[in-house]
Every structure is written in C-alpha cells, then in structure tokens.
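Step one of this worksheet: look at the structure below.
Note: hydrogens, waters and symmetry copies are ignored here, and every other heavy atom, side chains too, is used. Below, chains carry the letters A, B, ... as their sequence lines are ordered, and counting in each starts from 1.
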2 protein chains.
Amino acid sequence: MADINTALAPAETPARSASEEIRDGVPLVDLVELLFFAYRDFVGDPDEILAPIGFGRAHHRVIHFVNRHPGMRVTDLLEILQITKQSLGRVLRELVDEGFVESRAGAADRRQRLLYPTPKAEALARDFVGIQSRRIARALDACGPGSEETVRRFLLAMIDPEDRAAVERLIQRADRARRARHG
Amino acid sequence: MADINTALAPAETPARSASEEIRDGVPLVDLVELLFFAYRDFVGDPDEILAPIGFGRAHHRVIHFVNRHPGMRVTDLLEILQITKQSLGRVLRELVDEGFVESRAGAADRRQRLLYPTPKAEALARDFVGIQSRRIARALDACGPGSEETVRRFLLAMIDPEDRAAVERLIQRADRARRARHG
DNA sequence: GTGTTTATGTCAGCCATATTGACTTTTTCA
DNA sequence: TGAAAAAGTCAATATGGCTGACATAAACAC
C-alpha cells in the first residue's frame with residue numbers, strides 16, 4: 001500500500017505527507033477531527049425533537065429537504081441523500097402514512113411523484129432548522145465579522161466538484177422561492 | 001409545538017424565526033445544507049480505502065482516533081465516538097483480531113486497556129488523513145488567506161460547549177506529541 | 001401504433017451499526 | 001473487606017442501509 005502523499009510531495013520540500021501539513025499555524029489533521037466533532041453535535045440537535053415522535057435521522061433528512069425544496073421529485077431526493085430507492089421507500093411510506101409528506105403526480109409528467117410537506121412537517125422542519133441555525137449562529141459569533149462568507153465558501157468547496165454546481169443551484173432556487181414568499 | 005425562535009425574538013426586530021435568519025447576506029439555512037453536503041462527501045473519502053479490506057466507517061473512526069491518540073483508554077474512545085461499549089466491542093475485536101490495534105494493560109492502572117495502532121493501522125490512518133486533508137486543503141484554497149483560523153474557530157465553536165475544552169485538550173496533546181516525534 | 005425507456009414502487013433477503021439489559025472478571029481504593 | 005471502576009460478553013432488538021428481481025404506468029422514439 002504505497003503512500004501516495006509522499007509520492008506526490010514536490011522534490012524541493014522535505015518529505016512530509018499531507019497528513020502532517022500545517023497551514024497558517026493550523027494542522028489540517030486538527031480540522032479533520034474538529035469537523036468530526038462539530039458534525040457529531042450538529043446532527044445530534046434534531047434528536048431531541050425526533051425521539052418523542054418515534055422518528056430517526058433518516059426521517060429528519062427527508063422532512064428537511066422536502067420542506068426546503070417543495071415539489072421535489074423522488075429521484076432528486078435519492079440523488080441528494082445518495083441512497084437507494086428501496087432505502088428511501090420505507091422512510092417515505094411512513095412519512096406519507098403519518099401525514100407528514102404528500103406525494104402528487106407531476107402536472108407535465110404524470111409518472112413523477114412530487115413531494116410536498118404538510119403543515120405538520122413544515123412545523124417540524126422549522127424546529128429542525130431553528131435548532132441547527134442557532135448552533136451555527138453561535139459558532140459564527142465566535143469567528144468575528146465576515147466569517148459567514150468564509151465558512152460558506154469553505155463548505156461549498158468541500159463538496160465534490162462534480163456536485164458543487166447542482167448544490168448551488170438547488171440552494172439558490174430555494175432561497176429565491178423563500179424570498180418570493182416572505183420578502 | 002411552540003416556536004421558541006419567535007418567542008426569543010427581541011422586541012425591536014420583526015418577528016422572524018432563526019430559520020429565516022440571514023447574516024451578512026448568507027442565510028443560515030444555506031449553511032445547514034452546505035454542512036450536510038460537505039460532510040457527506042468528506043466521510044465518503046475513506047470508503048475507497050475501506051472497501052477493498054472489508055472494513056466500514058466504524059473501523060475508520062476507531063483506526064483514526066487510536067492512531068492519532070495512541071494509548072487512549074477504551075472509555076476515552078467511547079466518549080469520543082458517543083457509542084456504547086457493546087457497539088465498540090465488535091469493531092474493536094475485529095481490529096485486534098486482524099492485527100490493526102493492540103490492547104495493553106495500563107502500567108499505573110492495570111484494569112485499563114490502552115489502545116495502540118500497529119504499523120498496518122498507522123499506514124491506513126495516514127491514507128485516511130491524507131485524503132481528507134487534501135479535500136480540506138483544496139477547500140481552504142477557495143477561501144483566501146487567513147481562512148484556516150476562521151474555519152478552525154468555527155468548527156470548534158460548533159461543538160457542544162461542555163465538550164469543547166476536552167476536545168481542545170485532546171487535539172493539543174496530540175499535536176504536541178507529534179511535534180515531539182517529528183519536530 | 002408498437003416497443004423501449006423512464007419514474008416509481010414493492011417484495012425478499014441480507015448486512016453494518018447501533019441500542020438496552022444483564023452479568024462477569026479483574027483491579028483499585030476507601 | 002467491600003464498594004466502585006474498567007473492561008468484556010451474551011442476547012435480543014432497532015435502524016438504516018444494501019442487492020436483486022419484478023411490476024406498473026406514463027412518456028417517447030420510430
């Protein structure tokens with residue numbers, strides 16, 4: 001198992017793998033671990049809301065994306081979550097059965113099932129985004145002014161390049177729709 | 001289900017929940033989704049390395065932390081991963097059986113089992129950190145100078161306040177040990 | 001129009017990772 | 001000497017994934 005890091009190291013620098021790289025005083029391996037801990041607590045937030053109603057994190061993800069991007073096709077959701085339709089199937093059926101998600105045939109293409117949140121799901125999704133946004137707002141407060149844009153660019157650039165444009169379009173479309181509703 | 005966001009809104013601002021908050025032009029909900037996509041791809045990186053050897057993400061996490069913090073107690077690992085000892089048990093047994101982790105009794109307290117990586121695990125861990133560090137380095141390149149420290153502070157502040165000091169100590173101790181080894 | 005492709009859904013079986021609860025062994029320590 | 005701590009184990013269960021096979025309805029291509 002050859003170490004491709006050392007193999008790629010430029011000749012003029014000392015043999016030092018990317019795992020030992022330090023940038024501006026910050027070892028990158030520290031950021032690897034901090035991202036692990038940050039995400040661990042970030043996804044733990046919705047658990048308090050989910051536990052009483054008997055839903056899990058899979059339900060949280062579906063409710064979030066269906067609420068934020070109403071009218072999304074099943075295929076779109078599969079691509080976002082990167083799971084199989086069989087995996088999504090069970091979760092989605094429960095959400096439809098219990099009145100959190102509505103599935104309507106597409107107007108233009110009636111094969112499609114477009115997914116919409118019910119008022120129950122909208123309330124739940126607001127709570128999810130609320131608790132996670134407050135965590136993010138607190139963290140940005142600790143970073144000084146202008147950090148919002150730095151963090152946004154960092155997270156976007158962390159996404160696989162081939163998916164990045166699609167994610168940007170998805171988010172921009174959702175923001176535009178929200179502005180149209182609320183000003 | 002009362003919306004505690006609006007309940008907490010200061011009187012002088014319009015009634016706008018945290019889920020609609022915009023800071024410096026960046027809607028916080030965008031950061032919620034970007035963090036989801038960023039982490040999705042970030043944890044996908046090690047899969048390429050794991051698949052051929054029949055290990056999963058649970059094995060990755062254990063190998064990473066045992067390698068980065070050698071001599072860690074089982075209890076420490078349980079607290080970091082926030083799983084039960086029964087869950088860890090199976091994964092750890094596999095890693096010990098296949099010669100990736102060594103478990104030695106503590107010198108001072110012989111009840112403790114201190115965990116050490118074998119050379120095999122060290123090589124694997126270097127590859128894990130390498131591939132994830134390269135993703136982070138690429139992302140930092142997209143953020144301009146000084147973003148390293150902003151991102152570090154952001155991620156640290158995302159961690160639950162009661163765990164933050166422990167995480168900082170853990171990372172600082174590992175960095176000191178690494179400097180002692182490599183200069 | 002007929003045939004292929006697409007979007008969706010479903011059945012069946014399986015795997016990885018997590019859980020709770022009960023219990024044991026070894027060792028430390030008051 | 002007895003309680004408490006660190007670790008390990010057995011059993012049963014839940015969740016959230018997976019592959020493979022197959023079905024249906026609608027769109028589309030020729």
Side-chain angles (χ1 to χ4, degrees), chain A residues 36 39-40 43-44 46-66 71-98 101-116, chain B residues 36 39-40 43-44 46-66 71-98 101-116:
Chain A
F36 167 80
Y39 196 79
R40 184 195 67 175
V43 292
D47 289 350
E48 307 160 33
I49 300 166
L50 290 162
I53 55 177
F55 282 162
R57 289 180 180 179
H59 301 87
H60 163 228
R61 290 194 287 273
V62 172
I63 288 176
H64 171 89
F65 283 106
V66 167
M72 171 174 276
R73 292 178 305 157
V74 171
T75 308
D76 298 331
L77 197 45
L78 291 178
E79 269 169 28
I80 285 175
L81 301 178
Q82 289 189 354
I83 57 175
T84 60
K85 65 178 168 174
Q86 294 91 328
S87 297
L88 178 60
R90 182 174 35 86
V91 172
L92 200 50
R93 187 174 344 107
E94 286 169 3
L95 289 172
V96 170
D97 287 351
E98 301 194 33
V101 171
E102 265 184 43
S103 152
R104 306 180 208 148
D109 185 337
R110 292 181 45 223
R111 287 173 305 180
Q112 298 174 347
R113 292 291 175 273
L114 307 186
L115 304 173
Y116 295 89
Chain B
F36 167 80
Y39 195 79
R40 184 194 66 176
V43 292
D47 289 351
E48 308 160 32
I49 300 167
L50 291 162
I53 54 177
F55 282 160
R57 289 180 180 178
H59 302 87
H60 164 228
R61 291 194 288 273
V62 171
I63 288 176
H64 172 90
F65 282 107
V66 168
M72 172 174 274
R73 291 177 307 157
V74 171
T75 308
D76 298 331
L77 197 46
L78 292 178
E79 269 169 28
I80 285 174
L81 301 178
Q82 290 191 353
I83 56 175
T84 60
K85 64 179 168 175
Q86 294 92 327
S87 297
L88 179 59
R90 181 185 43 88
V91 172
L92 201 49
R93 188 176 341 109
E94 287 169 3
L95 289 172
V96 170
D97 287 351
E98 301 195 33
V101 170
E102 264 185 42
S103 152
R104 307 181 208 147
D109 186 336
R110 294 182 43 223
R111 287 173 304 180
Q112 298 174 347
R113 291 292 174 271
L114 306 187
L115 304 173
Y116 295 89

In residues 81-93 of chain B, which ones come under 4.0 Å of DNA chain C, going by heavy atoms?
B/Gln82, B/Ile83, B/Thr84, B/Gln86, B/Ser87, B/Arg90
Is any side-chain heavy atom of B/Met72 less than 4.5 Å from a side-chain heavy atom of B/Ile80?
yes
Would you call the rings of A/His59 and A/Phe55 parallel, tilted or perpendicular, where under 30° means parallel and over 60° means perpendicular?
parallel
For C/dT26 and B/Arg111 - does any side-chain N or O of the residue sit under 4.0 Å from the phosphate oxygens OP1/OP2?
no
Report the distance from atom CG of B/Leu114 to atom C1' of C/dT26, rounded to the nearest whole Å.
15 Å
For B/Leu78 and C/dT17, what is the distance between atoms CG and P respectively, to the nearest whole Å?
16 Å
Could you check how far CZ of A/Arg113 sits from P of C/dG9, rounded to whole Å?
6 Å
Rounded to whole Å, how long is the line connecting atom CG of A/Asp47 with atom P of C/dA18?
14 Å
Segment of DNA chain D, first to last nucleotide, that comes within the 4.0 Å heavy-atom reach of chain B:
D/dA5 to D/dC10
Is A/Ala108 touching bases, backbone alone, or none of the nucleic acid, heavy atoms closer than 4.0 Å?
sugar-phosphate
Which atom names give the shortest non-hydrogen contact between A/Ser103 and A/Leu115, and what distance separates them?
CB-CD2, 4.0 Å
Any side-chain heavy atom of A/Val43 sitting closer than 4.5 Å to one from B/Tyr39?
no
Between CZ of B/Arg110 and P of C/dT25 the distance, given in whole Å, is 18 Å
Which atoms form the tightest heavy-atom contact between A/Arg110 and A/Ala105, and what is the distance?
O-CB, 4.0 Å
What integer distance in Å separates B/Arg57:CZ from C/dA18:C1'?
15 Å
Has the side chain of A/Asp109 got a donor or acceptor atom that lies under 3.5 Å from a matching backbone atom of A/Gly106?
no
